[in-house]
**Q** 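Below: one structure in structure tokens.
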Amino acid sequence: MDTSNPAVFVNGELLSMHCGRKIRAVVQVIQSDGGIVTGKSTDEQQLTIHGLPTVPHMNFVEVVGIAQSNKTINVEHWTDFGTTFDTESYNQLCQLANGEFRSLFI
């Protein structure tokens, strides 16, 4: 496991804090169009994901990649989590990973 460039856990709200950095986010696929996906973050914000192949609509996908802007991610790799995912717990994890317990995650 490469620990030299860790991916920060983010949701839509936290994405803008990490532009240009490697991030990890979970999105629910709303629309997929030739490598560009529109998705909903776990905190209900709309994000654009570049480089994600066709994924069934409404599936949750974890994407790891570079935050290009406060609403756009370029994907390096991804994992399909299927149609059910606990978004509330993930948002709590993001808050911990970017707050008081940051040192445990990076």
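We count residues from 1, following the sequence as given.
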**Q** Does Leu93 form a side-chain contact (heavy atoms from CB on, under 4.5 Å) with Phe105? I'd like the steps, not just the answer.
**A** CA-CA 10 Å; Leu93 172 67; Phe105 293 90; 3.4 Å; yes
**Q** What distance separates Thr72 OG1 from Ile49 CD1, expressed to the nearest 0.5 Å?
**A**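 Rounded to the nearest 0.5 Å, the OG1-CD1 separation comes to 8.0 Å.
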**Q** Give me the atom names and distance for the closest heavy-atom approach of Ser41 to Leu47.
**A**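 Shortest heavy-atom contact: CB-CD1, 3.8 Å.
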**Q** For the atom pair OG1 (Thr48) and CD (Gln31), what is the distance rounded to the nearest 0.5 Å?
**A**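 Thr48 atom OG1 to Gln31 atom CD measures 9.5 Å (nearest 0.5 Å).
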**Q** Between Asp33 (side chain) and Ile36 (backbone), is there a donor-acceptor pair under 3.5 Å?
**A**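 No: the side chain of Asp33 does not pair with the backbone of Ile36.
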**Q** Just verifying a value: how many Å separate Lys40 NZ and Thr38 OG1, rounded to the nearest 0.5 Å?
**A**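 Atom-to-atom, Lys40:NZ and Thr38:OG1 are 13.0 Å apart.
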**Q** I'd like to know whether Gln95 forms a side-chain contact (heavy atoms from CB on, under 4.5 Å) with Glu100, so could you lay out the CA-CA distance, the side-chain angles of the two residues, the decisive distance to 0.1 Å, and finally the verdict.
**A** CA-CA 8 Å; Gln95 295 302 320; Glu100 180 181 358; over 6 Å; no
**Q** Measure the CH2-CD distance between Trp78 and Glu62 for me, rounded to the nearest 0.5 Å.
**A**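 Taking CH2 in Trp78 and CD in Glu62, the distance rounds to 11.5 Å.
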**Q** Carefully, step by step, assess Phe81 and Val26 under the rule side-chain contact (heavy atoms from CB on, under 4.5 Å).
**A** CA-CA 9 Å; Phe81 286 162; Val26 174; 4.0 Å; yes
**Q** Once you round to the nearest 0.5 Å, how far does NE2 of His50 lie from CD of Gln68?
**A**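 His50 atom NE2 to Gln68 atom CD measures 8.0 Å (nearest 0.5 Å).
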**Q** Give the C-alpha distance, both sets of side-chain angles, the deciding distance and a yes or no for side-chain hydrogen bond (donor to acceptor under 3.5 Å, both in side chains) between Gln45 and Lys71.
**A** CA-CA 8 Å; Gln45 296 192 32; Lys71 300 291 180 198; 2.3 Å; yes
**Q** Search all heavy atoms of Ser32 against all heavy atoms of Val55 and return the closest pair with its distance.
**A**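 Reported closest heavy-atom pair: OG-N, 4.2 Å.
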**Q** Do Val63 and Glu76 come within less than 4.5 Å of each other through their side chains, counting heavy atoms only?
**A**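 Counting from C-beta outward, Val63 and Glu76 never come under 4.5 Å.
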**Q** Other residues, nucleotides and ligands only: do more than 12 of their heavy atoms fall within 6.0 Å of CE on Met58?
**A**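 It does not: Met58 CE has 12 such atoms or fewer within range.
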**Q** For a quick test of reading the model, state the closest non-hydrogen atom pair linking Asp43 to Glu13 and the distance between them.
**A**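 That would be OD2-N, 2.9 Å.
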**Q** Main chain of Thr42, side chain of Asn91: is a donor-acceptor contact present, judged purely on distance under 3.5 Å?
**A**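 Checking the backbone N and O of Thr42 against the side chain of Asn91, a donor-acceptor pair under 3.5 Å is found.
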**Q** Linking I/L/V/M/F/W/Y whenever any side-chain heavy atoms sit under 4.5 Å apart, do Ile66 and Val75 land together?
**A**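 Each belongs to a different hydrophobic cluster.
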**Q** Return yes if some donor-acceptor pair links the side-chain N/O of Tyr90 with the main-chain N/O of Phe85 below 3.5 Å, else return no.
**A**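 Such a contact is absent between Tyr90 side chain and Phe85 backbone.
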**Q** Spell out, as yes or no, whether a donor-acceptor pair under 3.5 Å connects the side chain of Asn11 to the backbone of Leu14.
**A**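 A pair under 3.5 Å: yes.
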**Q** Please report the closest heavy-atom contact between Val8 and Arg21, naming both atoms and the distance.
**A**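 Shortest heavy-atom separation between Val8 and Arg21 comes out as CG2-NH2, 3.4 Å.
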**Q** Please determine, by modelled atom types, if Thr83 and Asn59 share a side-chain donor-acceptor pair under 3.5 angstrom.
**A**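 No pair is found: no donor N or O on one side chain lies under 3.5 Å from an acceptor on the other.
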**Q** Do Met17 and Val27 share a hydrophobic cluster, counting only Ile, Leu, Val, Met, Phe, Trp and Tyr and linking them when any side-chain heavy atoms are less than 4.5 Å apart?
**A**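 Yes, Met17 connects to Val27 through the hydrophobic network.
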**Q** Would a 4.5 Å heavy-atom cut-off, applied to side chains only, mark Val61 and Thr79 as touching?
**A**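 When only atoms from C-beta onward are counted, Thr79 and Val61 do not touch, as no gap falls below 4.5 Å.
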**Q** Could you tell me which non-hydrogen atom of Val64 sits nearest to which non-hydrogen atom of Arg24, and how far apart they are?
**A**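 Of all heavy-atom pairs spanning Val64 and Arg24, the closest is CG2-NH1, 3.6 Å.
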**Q** At their closest point, which heavy atom of Ala97 faces which heavy atom of Phe9, and how far apart are they?
**A**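 Taking every non-hydrogen atom into account, CB-CB, 4.0 Å.
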**Q** Nearest 0.5 angstrom please: Asp86 CG to Phe60 CZ, how far?
**A**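 These two atoms lie 9.5 Å from each other.
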